[in-house]
Amino acid sequence: MDAPTPPVPEEGQPEVPLDLQEHPRIRAYMLRKIGPALAVVVACLVTVFVVPQLEPLRPWRTGDPRPFWNLLGRPFESEALASTEERVAKVDAIAREALAEAADPPIVAERPVIERAPEPGASLPPYQPHPDDEKPVAQSIELPTGHELDRFFASLERTDAGVAGSVTRAVHWGDSAIGTDGITSAIRKRLQARFGDGGHGFHLMAPPNSSYRHRGVRLRQNDQWNLCFIIEKCRNDGHYGLGGATVRSTGGAESRFEPDPKHSSGHVSRFEVWYAAAPRGGKIRLKVDDGEPVILETVADELEDRWHAIEVDDGPHRLTVRAAGGGRTRVYGVTLERDGPGVVWDGLALVGAFTRRMMELDAEHLRAQLEHRRPELVVLMFGGNDMIRDIGMDTYGEEYRRVIQHVRGARPEMDCLVMSPLDHGTRKGVRIVSRPVVAKMVEAQRSVALEEGCAFFDTFMAQGGEGSAGRWFKQTPRLVSGDLGHVTQSGQIVIGEMFYRALVEAYVAYRRREG
């Protein structure tokens with residue numbers, strides 16, 4: 001049956017819109033013709049979602065930005081997909097190589113030592129290429145101006161040239177991502193194998209939790225230290241020490257330190273005790289090996305930071321630090337170093353800390369700690385714990401900005417580098433996907449770091465980007481732990497290797513630029 005013809009308006013009259021309510025015959029005709037077609041479309045849509053084999057034909061899948069992305073947008077993803085696959089293949093190759101090399105102890109290259117340091121402004125020996133220069137890099141360090149790490153690299157250049165006593169130092173603060181000194185230990189080993197062993201660096205007097213461990217140092221302590229950790233906000237004066245934890249005792253507490261030959265050279269030539277003096281301060285007894293003890297008095301009119309260094313012949317040594325009574329002693333930690341030339345990479349883990357906890361360090365106290373340590377570089381790696389907070393990225397970015405300004409204000413002479421947090425995965429059925437907050441937080445950190453003049457290393461993209469936690473969890477050996485937020489010991493080695501290669505890439509570019 002032909003559809004009825006709607007009435008035609010008279011000449012000179014406006015056209016009247018077609019109203020189906022006024023033309024039931026037209027409505028019935030359209031329903032008879034269109035209704036079955038709509039039913040077929042609905043049946044097809046239901047079928048592709050019910051039958052697993054038809055998943056590629058679904059007009060919408062979890063993660064698609066909009067319906068019918070398969071037809072409208074996915075054809076244009078092929079280039080991005082190929083890029084992702086290429087990145088993942090490169091990451092896998094670097095991981096295999098890093099784990100294979102880690103199975104053997106690093107070999108420190110022999111180099112001539114320049115006993116007399118060149119005068120300021122004098123030229124150093126020309127740069128000598130190294131085999132590591134040609135190794136592929138998973139993710140480069142972002143240097144918007146190209147000069148963000150120049151002061152660190154200038155110091156590293158003198159160390160690289162073999163100038164006697166040239167020690168290049170970096171302090172690396174972070175949360176549980178560096179809690180077991182895994183990533184920082186991997187960075188330290190690779191840099192020291194390349195540029196020289198400057199020693200282990202800073203170590204707390206006692207671990208604030210079970211996740212604080214340093215593989216390069218053997219630590220034995222009794223249980224008589226009264227410990228205050230920065231995440232507990234337990235010091236009104238903000239004097240937590242360089243490592244964010246201070247211990248106190250009226251007597252009897254004791255800690256012993258010695259370099260671990262299984263995970264380091266096993267040698268040390270300088271111990272330094274970091275402590276506080278205050279009214280009613282007690283005594284600290286120091287003893288190296290079986291030598292005569294040294295007694296430190298810690299009484300002062302007001303709270304102040306102090307240090308005591310002990311020089312020894314380069315070799316295996318043990319330092320015992322004991323609270324000897326006479327009042328209350330307060331100690332921050334111990335550094336273990338060698339004469340150099342070499343690199344020292346301090347692993348300062350604030351396990352469980354939000355980024356903003358760095359603001360708990362008193363500004364003047366932080367200035368004194370960094371001024372005495374004299375690092376050429378500060379590295380910040382926070383964010384994993386902040387992911388559980390109900391906080392917008394604009395607010396979080398401003399928090400990170402204040403932390404950077406707080407730390408750099410304490411020592412403007414040092415360079416700054418921000419390492420983004422690791423990928424954090426979540427399970428969706430049998431799949432492991434990246435938590436949406438990860439990419440947002442990485443971008444917030446990148447924006448603030450570059451605005452504040454810091455270099456930036458995108459750890460998330462170094463892992464492979466979106467979905468890295470799932471891929472690393474399924475690797476053999478497994479690179480991500482069961483919580484899908486922390487890397488395993490093997491994963492720590494891989495992250496350390498990736499960062500080392502990126503740092504070397506930037507250093508070589510600096511040397512070539514500076515001639």
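Any value given below was found using the heavy atoms of this structure, including those in side chains, with hydrogens, waters and symmetry copies removed.
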Pairwise side-chain contact, [X] with [Y], heavy-atom cut-off 4.5 Å (strictly under):
| X | Y | answer |
| --- | --- | --- |
| Leu417 | Phe457 | yes |
| His317 | Glu258 | no |
| Leu219 | Pro207 | yes |
| Thr426 | Leu484 | no |
| Gln463 | Leu422 | yes |
| Leu286 | Val288 | no |
| Cys454 | Ile404 | yes |
| Val344 | Thr168 | no |

For [X] and [Y], indicate whether the former's side chain and the latter's backbone hold a donor-acceptor pair under 3.5 Å.
| X | Y | result |
| --- | --- | --- |
| Arg471 | Gly464 | yes |
| Arg478 | Phe473 | yes |
| Trp345 | Ala186 | no |
| Asp386 | Thr355 | yes |
| Asp289 | Arg318 | yes |
| Thr459 | Ser420 | yes |
| Asp305 | Ala276 | no |
| Ser269 | Asp313 | no |
| Gln192 | Val343 | yes |
| Ser468 | Gly465 | yes |

Hey, are [Y] and [X] close enough side-chain-wise for a donor-acceptor pair under 3.5 Å?
| X | Y | answer |
| --- | --- | --- |
| His486 | Ser176 | yes |
| Thr180 | Gln492 | yes |
| Ser166 | Thr159 | yes |

Specify the closest pair of heavy atoms between [X] and [Y], including all atoms of both residues, with the distance to one decimal.
| X | Y | answer |
| --- | --- | --- |
| Val407 | Leu366 | CA-CD2, 4.1 Å |
| Ser255 | Trp225 | OG-NE1, 2.9 Å |
| Leu227 | Ala206 | CD1-O, 3.4 Å |
| Ala469 | Ile432 | C-CG2, 4.3 Å |
| Leu350 | Phe229 | CA-CZ, 3.7 Å |
| Val91 | Ala138 | CG2-CB, 4.3 Å |

Worked verdict on Lys135 versus Glu97 for side-chain contact (heavy atoms from CB on, under 4.5 Å): CA-CA 10 Å; Lys135 290 185 175 180; Glu97 186 175 346; 3.6 Å; yes

Are the charged groups of [X] and [Y] less than 4.0 angstrom apart, N to O?
| X | Y | result |
| --- | --- | --- |
| Glu452 | Arg408 | no |
| Glu399 | Arg401 | no |
| Asp260 | Lys262 | no |
| Asp181 | Arg188 | yes |
| Asp314 | Arg338 | yes |
| Arg357 | Asp175 | no |
| Arg256 | Glu254 | yes |
| Asp160 | Arg194 | no |
| Arg190 | Asp132 | yes |
| Arg501 | Glu497 | yes |
| Arg151 | Glu376 | no |

Interatomic spacing from SG in Cys416 to CG in Leu380 - rounded to 0.5 Å: 5.5 Å

Between OH on residue Tyr240 and CG on residue Leu361, distance to nearest 0.5 Å: 8.0 Å

Residue among His239, His372, His406 satisfying ring-ring contact (aromatic ring centres under 6.0 Å, His included) with His365: His239

Salt bridge (Lys or Arg N to Asp or Glu O under 4.0 Å) between Lys440 and Glu443, worked out: CA-CA 5 Å; Lys440 296 177 182 178; Glu443 190 53 41; over 6 Å; no

Residue pair Arg270, Glu337: steps toward the salt bridge (Lys or Arg N to Asp or Glu O under 4.0 Å) verdict: CA-CA 5 Å; Arg270 176 186 173 93; Glu337 290 197 355; 5.2 Å; no

Verdict with supporting geometry, Thr298 and Arg330, side-chain contact (heavy atoms from CB on, under 4.5 Å): CA-CA 8 Å; Thr298 70; Arg330 184 170 170 182; over 6 Å; no

With Asp346, the side chain to side chain donor-acceptor pair (under 3.5 Å) member among Arg373, Arg169, His172: Arg373

Parallel, tilted or perpendicular: rings of Tyr212 and His203 (30°, 60°): perpendicular

Any chance the rings of [X] and [Y] have centres within less than 6.0 Å?
| X | Y | result |
| --- | --- | --- |
| Tyr507 | Phe195 | yes |
| Phe257 | Phe271 | no |
| Phe202 | His200 | no |

Steps toward ring-ring contact (aromatic ring centres under 6.0 Å, His included) verdict (Tyr332, Tyr275): CA-CA 5 Å; Tyr332 300 131; Tyr275 66 102; 8.4 Å; no

Residue Asp483 excluded, over 12 heavy atoms near CG under 6.0 Å: yes

Pair Val331-Leu204, side-chain contact (heavy atoms from CB on, under 4.5 Å): steps then yes or no: CA-CA 9 Å; Val331 193; Leu204 293 177; over 6 Å; no

Residues Leu156, Tyr510; criterion side-chain contact (heavy atoms from CB on, under 4.5 Å); working and verdict: CA-CA 11 Å; Leu156 194 60; Tyr510 163 83; over 6 Å; no

Verdict with reasoning, Arg367 to Asp362, per salt bridge (Lys or Arg N to Asp or Glu O under 4.0 Å): CA-CA 9 Å; Arg367 185 204 64 77; Asp362 175 76; over 6 Å; no

